[in-house]
Amino acid sequence: MGKYAVEMEDIWMVFNKTIVANKEVNFKVKKGEIHALVGENGAGKSTLMSVLFGIYQQTKGTIKINGKEEIISNPVKANRLGIGMVHQHFKMVDIFTLWENIALGAEMTTAGEIINSRKIKNKITKIMNQYNLRIDLDKTTANATVGMKQKAEILKILYRDADILVFDEPTAVLTPQEIDGLLQVMLELQKDGKTIILITHKMAEIKKVANSATVIRLGEVIGTFDMKETSVEQLSEAMVGRKVVETKNDYSPRSEEVVLKIENLTMKKVSNTKVIGLENFSLDVHAGEVVAIAGVEGNGQQEIAEAITGMSKVYSGNVKIHNHDITYASIASRYSKWKISHVPEDRHKHGLVLDFSVSQNVVLQDIDNPKFSQAKIINSGAVQAYAQTIIQKFDVRNADAGFAIARQLSGGNQQKVILGREITRPTDLLVIYQPTRGLDVGSIEFIHAQILKAKKDNRAILLISYELSEVLALADRIVVLNAGKKIGELPGKGAKREEVGKMMLGRED
Ligand SMILES: Nc1ncnc2c1ncn2[C@@H]1O[C@H](COP(=O)(O)OP(=O)(O)OP(=O)(O)O)[C@@H](O)[C@H]1O
Ligand SMILES: [Mg+2]
């Protein structure tokens, strides 16, 4: 038996003959280790793993699995070689139940025809118990939370008996509690002899579970590091090629002017309209201040954002902008007349039109502006020039001067397009939901600086984030939500992580 589970040698991946996503990559993963794969947004991590999983054919280079050279022509072949991948964006059929998705394409049948659901569920249940990964298998996928879907994706690869498990940013959409659970599962899997490749931007996770880490930058390997001997700072520096400094609010005073006023807002839950998701919630956000909503996911954050942006109907209470009631205003008027910017939680569902170009995506709400169109004729030159300024400023990689289709961009770069669009639009209120989800450490630093610049420009910012470190770095005021209610508020200056964490869990002691 050889030492390596995966050996990728001199891998090149070139898209459309021009975009070099991977260049001369040598990537080796020892059997039984947890190996982190890290690098900036667009560095080529997902692409490299898609080559390993047979989604793309490398332009050049060889792959050995367990010491034997293999041509991985498609994911079915990858499965047969014992490779499983949990993708950055989930791939599931919404109208199926979770167990149907887990077994999809690998169903156990009776008489070669009939799907044996009992046998399938038994096998899944065994795996769930073995790794402490429990979900309600009969739930329809459309009604499942991201955490459940994530678990289903993991069960999917374990169900196929994979030995080499690739996780592409599995924690980007999870809450801190779920992340701890997942890391525990990974250690369990490792104990069982599985080999794990983990893509993540979160250094703390790497420190917790990874034995080694390979850094790629602009498609090329910078080096492989033994995590026993490497600090988080060294790793970040290798990733971005410079020192990363944390951005912090200077707590300059806000202005008197109230931009957003929420009064006694009650909302049904977005995920289940039979129950109340937010109760009697009131909040003012002034010009020149960052108010952060902290809380565990699912405690009313989504409901607040949807009431302000008009995505859900308000049950009772009011939302006012500059003292004008907009509770029932159209979505279009909120974006234009009432000058709201919105970075949505789900970038694929609500942030981008994935099959539009980057340029088209950058003017989605503003296409009627005479700058961009007149008499219904789009001034594509002006649109493109505008897109180009955003691409440059927000460092959107491989956007092909705005011609690239949004779907082709790496996940982090898609996020930068949305942030660039929403921060650049001349608005008074920014509703920013999980802004740095999936961003690399260098980009997080940049985005945080942009949010604080918006404060300096006397804009009002409502930040909704599950990342406590983000809340603590940016907020002038922290409002804590629990079970749909505001359970406390404290100034950002001097706020302690433990204090806010405790409040998030609903304890006021
Ligand atoms: N199908 C495709 N066609 C054209 N270009 C592509 C395609 N897939 C990826 N790319 C480009 O290849 C580069 C690497 O993308 P990749 O998704 O591998 O980055 P990543 O390291 O996973 O980044 P992130 O951290 O943002 O997920 C990107 O610049 C992207 O635009
Ligand atoms: Mg990726």
Side-chain angles (χ1 to χ4, degrees), residues 8 11-25 27 35-59 61 75 85-91 153 166-173 197-203 205-206 213-222 235-236 238-241 347-348 351-352 354-359 361 387 391-392 394-420 434-447:
M8 300 181 86
I11 300 289
W12 289 69
M13 184 69 221
V14 183
F15 290 109
N16 310 328
K17 297 210 163 72
T18 49
I19 302 172
V20 185
N22 294 137
K23 184 179 171 187
E24 258 177 71
V25 170
F27 179 60
H35 194 121
L37 180 59
V38 298
E40 290 177 289
N41 297 126
K45 306 177 295 292
S46 296
T47 303
L48 188 67
M49 289 303 102
S50 298
V51 167
L52 179 66
F53 194 57
I55 294 172
Y56 299 134
Q57 292 301 299
Q58 67 267 37
T59 315
M85 181 158 172
V86 176
H87 297 274
Q88 186 166 5
H89 302 106
F90 303 148
K91 296 180 191 292
E153 289 279 0
V166 181
F167 289 90
D168 192 351
E169 289 191 46
T171 59
V173 293
I197 301 172
L198 168 65
I199 300 179
T200 179
H201 291 293
K202 297 180 186 164
M203 298 295 139
E205 294 169 9
I206 299 173
T214 295
V215 175
I216 51 178
R217 195 195 306 157
L218 301 173
E220 290 182 77
V221 170
I222 298 292
L235 203 61
S236 311
M239 262 174 66
V240 291
R347 61 174 164 246
H348 280 180
L352 295 166
L354 284 171
D355 291 313
F356 279 14
S357 68
V358 171
S359 300
N361 270 292
I391 289 165
Q392 260 163 20
F394 286 80
D395 190 25
V396 181
R397 305 268 170 99
N398 279 336
D400 191 16
F403 288 107
I405 302 301
R407 194 185 291 283
Q408 282 178 9
L409 297 185
S410 79
N413 281 298
Q414 291 172 343
Q415 183 71 7
K416 288 197 245 172
V417 171
I418 299 171
L419 284 158
Q434 286 283 77
T436 56
R437 178 176 273 184
L439 293 192
D440 64 60
V441 286
S443 304
I444 291 176
E445 176 194 1
F446 174 77
I447 292 302

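Quick caveat, the model's predicted, so the values are computed rather than measured. We count ligands from 1, going down the list as the structure has it; atoms in each ligand are counted the same way.
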Asker: Short question: side chain of Thr200, backbone of Glu169 - any donor-acceptor pair under 3.5 Å?
Answerer: no
Asker: Is there a donor-acceptor contact under 3.5 Å from the side chain of Arg347 to the main chain of Gly412?
Answerer: no
Asker: Collect the protein residues that have a non-hydrogen atom under 4.0 Å from ligand 1 and hand them over in chain and number order.
Answerer: Phe15, Ile19, Ala21, Glu40, Asn41, Gly42, Ala43, Gly44, Lys45, Ser46, Thr47, Tyr56, Gln88, Glu169, His201, Asn398, Gln408, Leu409, Ser410, Gly411, Gly412
Asker: Do any N or O atoms from the side chain of Lys45 and from the backbone of Gly39 form a donor-acceptor pair under 3.5 angstrom?
Answerer: yes
Asker: Just by modelled atom types, is the Thr171 backbone N or O under 3.5 Å from a matching donor or acceptor in the Glu205 side chain?
Answerer: no
Asker: If we only count heavy atoms from C-beta on, is the Tyr56 to Thr47 side-chain gap below 4.5 Å?
Answerer: yes
Asker: Name all pairs fulfilling the side chain to side chain donor-acceptor pair (under 3.5 Å) condition that reach into residues 395-412, sequence neighbours left out, sorted by first residue then second.
Answerer: Glu40-Arg397, Asp355-Arg407, Asp395-Arg397, Ser410-Asn413
Asker: Determine whether more than 12 heavy atoms belonging to other residues, nucleotides or ligands lie under 6.0 Å from atom NZ of Lys23.
Answerer: no
Asker: Ignoring waters, how many protein N/O/S atoms are under 2.8 Å from the Mg ion (ligand 2)?
Answerer: 2
Asker: Output yes when a side-chain donor or acceptor of Asn22 lies under 3.5 Å from a complementary backbone atom of Gly44, and no otherwise.
Answerer: yes
Asker: Who passes side chain to side chain contact (heavy atoms under 4.5 Å, CB included) against Ser443, sequence neighbours left out?
Answerer: Asn41, Lys416, Leu439, Asp440
